[in-house]
Undergrad: 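Dropping a structure here in C-alpha cells format, bear with me for questions.
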Amino acid sequence: MAEMDESVERKEDSDSEMDEMETEDHNAEDAEEEELEFDDSAYVMYHQANLGSPCLSFDVLLDGLGDNREEFPLTLSLVAGSQSPKDHNDIITVMKMSNLQRIKHKTADESDSDSSESEDEDDKPDLETTTLNHPGCVNRIRATEINNKKYAATWSMNGKVYIWDLSKPYEAINDTEKLSYYIRNCLSPDPIFNFSGHRGEGYALDWSRITPGQLASGDCNKNIYLWKLKSDSSWCVEPAPYCSHSDSVEDIQWSPTEANVFASCSVDKSIKVWDARASPAKACMLTCSGAHDSDINVIHWNRNDPFLVSGGDDGVIKIWDLRQFQHQKPSAVFKHHSAPITSVEWHPTDNSVFAASGEDNMISLWDMAVERDTEDESSSKDDENIPAQLLFIHQGQNEIKEVHWHWQMPGVVISTAIDGFNVFRTISV
C-alpha cells in the first residue's frame, strides 16, 4: 500500500491524473476571496484528497471493518464518477483512504514548528485507487450491495444509465497483489447493464435499501423509470414511465421503511410521493405543489422517522412531516445558505441531525432537536439571526456538489467539490 504525503505522485495510474492525498494546511492560505483561518480545535479529524479530474458525485462503500467504529486511525472506501472536459477521459474511481488520523491539537506551550517536527511519517494517510472507463461525464453515481457484492449505478451525460459490478476494483484496493495485477493489465470491467430509454440525460438516481437491486432513475424530460433485479441477476426496466412532474426530475429517494414507496422532487417546485404497486398513471399518492419558490434540487428521507428534508435553488432547506404532507406546510424552514442547495442528507443514526451543502461553498450541520434559549440575555442580535439548530459551518472547498455521512463511522462527513474531497469529523456531532 503506497503511503502518500502532501505532493507525491501516484505511480499506478498516470493517465487518470490522480495525484495526492494530503492533510489540510491549517492556515488556509489559498482562500481566494476571504482569508479563512482553520480552527483545528473545532475538528476531531480533517483530511483532503484530490483525484485530478473533478468527481462531483460519489457514494460510500460499506465495508466489513465493523459498525460504530471510532478508534483511530480510520479507513473508508468510496466510489466516485468524474466530470472531465473530454468525454473519453471520464472514469469511475473506487478508492480506499486509510490511516486517517485524528488531529493532534497543540498544547499551550507548543509552537507550530514543534508540532510539525514531531509528526511521525507513519501518521501520513494512504490512498489506493482503481478505475473503470466510463462513457461520458458521470452526472450521478449511487452504490448498493447485493448478495455481498458491490454495485454502482451511474447517470451519464450521454443519456444512458449504467450498472457496474465493482467486485474486481474493490478487491484490488484491499489486496496489494490484486491491485498490481489490476493496474499492470489495465483492467476496466465493462458495465453489466445499460438503459437508453430515458432519451436524454438526468440526475435522479436511488437504490432501494429494502429490496435488493431495485432502482429508480429520473430524467430531465420529467420521466421516472423503475428497475427490478430478475432471478438470473439481470435487470428489467418497466416500459411505462412514472410521469406526473411537469419538468425535470432532480432527485429520487426510496422510503427506508416501505418497499414500494419513493419520493421525487423537480424543477416544477413540487415534491411527490409514489406507490410503485400502482400503475404509473395512478402511482402518485401525494403531491406538494410549490414546496419551494424555485427548482427543488435534492431531497433525503430520514431512515427512522417519517421526515423528508429538501433543498432548492432558493437556498432554503425545508423539513417535511410526511404524516402531515397533505397540508403542504413544512415542519421547519431554514434560510442560512446564500446560494442554491446542492446536497442534503440525514445522519444515519441520529434522527434529528442532517447535513447540507450549497453553491455558497459551505457545508452546514443541523440538529432539529435544539431549541433557542429565550432566557439567555447574553446572546447578541447577530446570534438571533443564526438558527439555533445550526451546529456547524464547514468551509474551504469550491463548488461543493455532494455531502454524505459515513454510515459505519459516527459523525464522519465526506464532501466533494471542484477541487477535491474533504473527510472530516467535527466536535459538534
Side-chain angles (χ1 to χ4, degrees), residues 1-5 8-16 18-22 45 47-52 55 57-82 91-101 121-134 138 141-154 163-192 207 212 348 404-410 412 414 416 420-421 423 425:
M1 182 179 299
E3 180 183 326
M4 308 190 70
D5 60 20
V8 65
E9 293 186 359
R10 289 189 70 256
K11 297 180 180 178
E12 293 89 349
D13 193 348
S14 58
D15 293 337
S16 64
M18 298 177 204
D19 297 326
E20 60 186 20
M21 180 173 180
E22 59 183 21
M45 176 185 70
H47 296 280
Q48 288 182 319
N50 192 317
L51 301 183
C55 292
S57 183
F58 77 99
D59 209 353
V60 174
L61 295 176
L62 301 185
D63 54 45
L65 301 178
D67 296 336
N68 299 315
R69 58 186 192 265
E70 300 189 58
E71 184 177 351
F72 288 88
L74 297 175
T75 296
L76 59 85
S77 299
L78 308 174
V79 60
S82 73
I91 55 175
I92 296 170
T93 300
V94 179
M95 70 187 90
K96 182 175 73 171
M97 303 178 187
S98 58
N99 203 35
L100 301 178
Q101 303 284 349
E121 285 298 314
D122 292 338
D123 288 347
K124 296 293 185 181
D126 296 325
L127 175 64
E128 302 288 2
T129 65
T130 52
T131 62
L132 301 85
N133 296 324
H134 188 273
V138 180
I141 185 167
R142 292 292 179 260
T144 191
E145 192 165 297
I146 305 170
N147 295 327
N148 297 318
K149 292 181 65 175
K150 300 186 188 306
Y151 295 86
T154 58
I163 295 180
W164 307 80
D165 184 345
L166 302 181
S167 299
K168 290 184 178 179
Y170 182 74
E171 290 173 0
I173 61 171
N174 289 286
D175 186 296
T176 303
E177 291 185 4
K178 291 182 179 180
L179 179 61
S180 297
Y181 180 85
Y182 192 99
I183 295 168
R184 185 171 61 253
N185 290 278
C186 301
L187 298 184
S188 177
D190 293 327
I192 58 175
W207 294 98
H404 297 301
W405 301 92
H406 197 289
W407 286 33
Q408 295 173 294
M409 291 182 281
V412 172
I414 308 105
T416 190
F421 292 87
V423 181
R425 180 177 178 181

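What you see below is based on every heavy atom in this structure, not just the backbone, and it leaves out hydrogens, waters and symmetry mates.
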Undergrad: Judged by atom type as modelled, is there a donor-acceptor pair below 3.5 Å linking the side chain of H47 to the main-chain atoms of Q101?
TA: yes
Undergrad: In chain order, what residues pass the side chain to side chain donor-acceptor pair (under 3.5 Å) check against S167, with sequence neighbours excluded?
TA: D165
Undergrad: Output the distance between atom OG1 (T416) and atom CD1 (I414), rounded to the nearest 0.5 Å.
TA: 10.5 Å
Undergrad: So do H406 and L74 actually touch side chain to side chain, heavy atoms under 4.5 Å?
TA: no
Undergrad: I'd like to know if E128 pairs up with K96 as an ion pair, taking the criterion as any Lys NZ or Arg NE/NH1/NH2 lying under 4.0 Å from an Asp or Glu carboxylate oxygen.
TA: no
Undergrad: What distance do I163 atom CD1 and R142 atom CZ have between them, rounded to the nearest 0.5 Å?
TA: 14.5 Å
Undergrad: Once rounded to the nearest 0.5 Å, what's the spacing between atom CG of L76 and atom CE of M97?
TA: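 Atom-to-atom, L76:CG and M97:CE are 6.0 Å apart.
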Undergrad: First locate atom CD1 of I173, then atom CG of L61, and finally report the distance between them rounded to the nearest 0.5 Å.
TA: 7.0 Å
Undergrad: Report yes if the side chains of I92 and N133 come closer than 4.5 Å at any heavy-atom pair, otherwise no.
TA: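 In short, these two side chains do not touch, never coming nearer than 4.5 Å.
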Undergrad: Measure from the side-chain N and O atoms of S82 to the backbone N and O of I91, and report whether any donor-acceptor pair falls under 3.5 Å.
TA: yes
Undergrad: Which residues pass the ring-ring contact (aromatic ring centres under 6.0 Å, His included) test with W405, sequence neighbours left out?
TA: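 Partners of W405 by the ring-ring contact (aromatic ring centres under 6.0 Å, His included) criterion, ordered by chain and then number, come out as H347.
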Undergrad: Please list, chain by chain and in numerical order, all residues satisfying side chain to side chain donor-acceptor pair (under 3.5 Å) with W164, sequence neighbours excluded.
TA: T154
Undergrad: Any donor-acceptor pair under 3.5 Å linking the side chain of R425 with the backbone of M409?
TA: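 No.
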Undergrad: What's the spacing between N174 CG and S77 OG if we round to 0.5 Å?
TA: 5.5 Å
Undergrad: Side-chain donor-acceptor pair under 3.5 Å between Q48 and N50, yes or no?
TA: no
Undergrad: Test N68 against E70 for side-chain hydrogen bond (donor to acceptor under 3.5 Å, both in side chains), laying out the working first.
TA: CA-CA 6 Å; N68 299 315; E70 300 189 58; over 6 Å; no
Undergrad: Report the C-alpha distance between W407 and V60 in whole Å, list the side-chain angles of each, state the deciding distance to 0.1 Å, and finish with yes or no for side-chain contact (heavy atoms from CB on, under 4.5 Å).
TA: CA-CA 8 Å; W407 286 33; V60 174; 5.7 Å; no
Undergrad: Got a second to check how far F421's CZ is from L78's CG, nearest 0.5 Å?
TA: 6.5 Å
Undergrad: Partners of A152 by side-chain contact (heavy atoms from CB on, under 4.5 Å), sequence neighbours excluded?
TA: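 Residues passing side-chain contact (heavy atoms from CB on, under 4.5 Å) with A152: I141, L166.
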Undergrad: So, using side chain to side chain donor-acceptor pair (under 3.5 Å) as the criterion, who are the partners of H404 when residues are at least two apart?
TA: E345, E402
Undergrad: Residues two or more places apart in sequence or in another chain: which of them pass side-chain contact (heavy atoms from CB on, under 4.5 Å) with I146?
TA: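 Only T144, Y151, P212, L229, W235 meet the side-chain contact (heavy atoms from CB on, under 4.5 Å) criterion with I146.
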Undergrad: Taking side-chain contact (heavy atoms from CB on, under 4.5 Å) as the test, write out the residues that go with D63, two or more places apart.
TA: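 By the side-chain contact (heavy atoms from CB on, under 4.5 Å) rule, D63 matches L65, R69, Y170, Q408.
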Undergrad: L187: what forms a side-chain contact (heavy atoms from CB on, under 4.5 Å) with it, not counting sequence neighbours?
TA: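 L187 satisfies side-chain contact (heavy atoms from CB on, under 4.5 Å) with Y181, Y182, N185 only.
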Undergrad: Once salt bridge (charged side-chain N to carboxylate O under 4.0 Å, His left out) is applied, what residue pairs with a partner in residues 167-176 remain, sequence neighbours excluded?
TA: E171-K178
Undergrad: Would you say T130's side chain and P169's backbone share a donor-acceptor pair under 3.5 angstrom?
TA: yes
Undergrad: Apply side-chain contact (heavy atoms from CB on, under 4.5 Å) to residues T75 and L100 and explain how you reach the verdict.
TA: CA-CA 6 Å; T75 296; L100 301 178; over 6 Å; no
Undergrad: Between N99 and K124, is there a donor-acceptor pair closer than 3.5 Å when you use the side chain of the first and the backbone of the second?
TA: yes
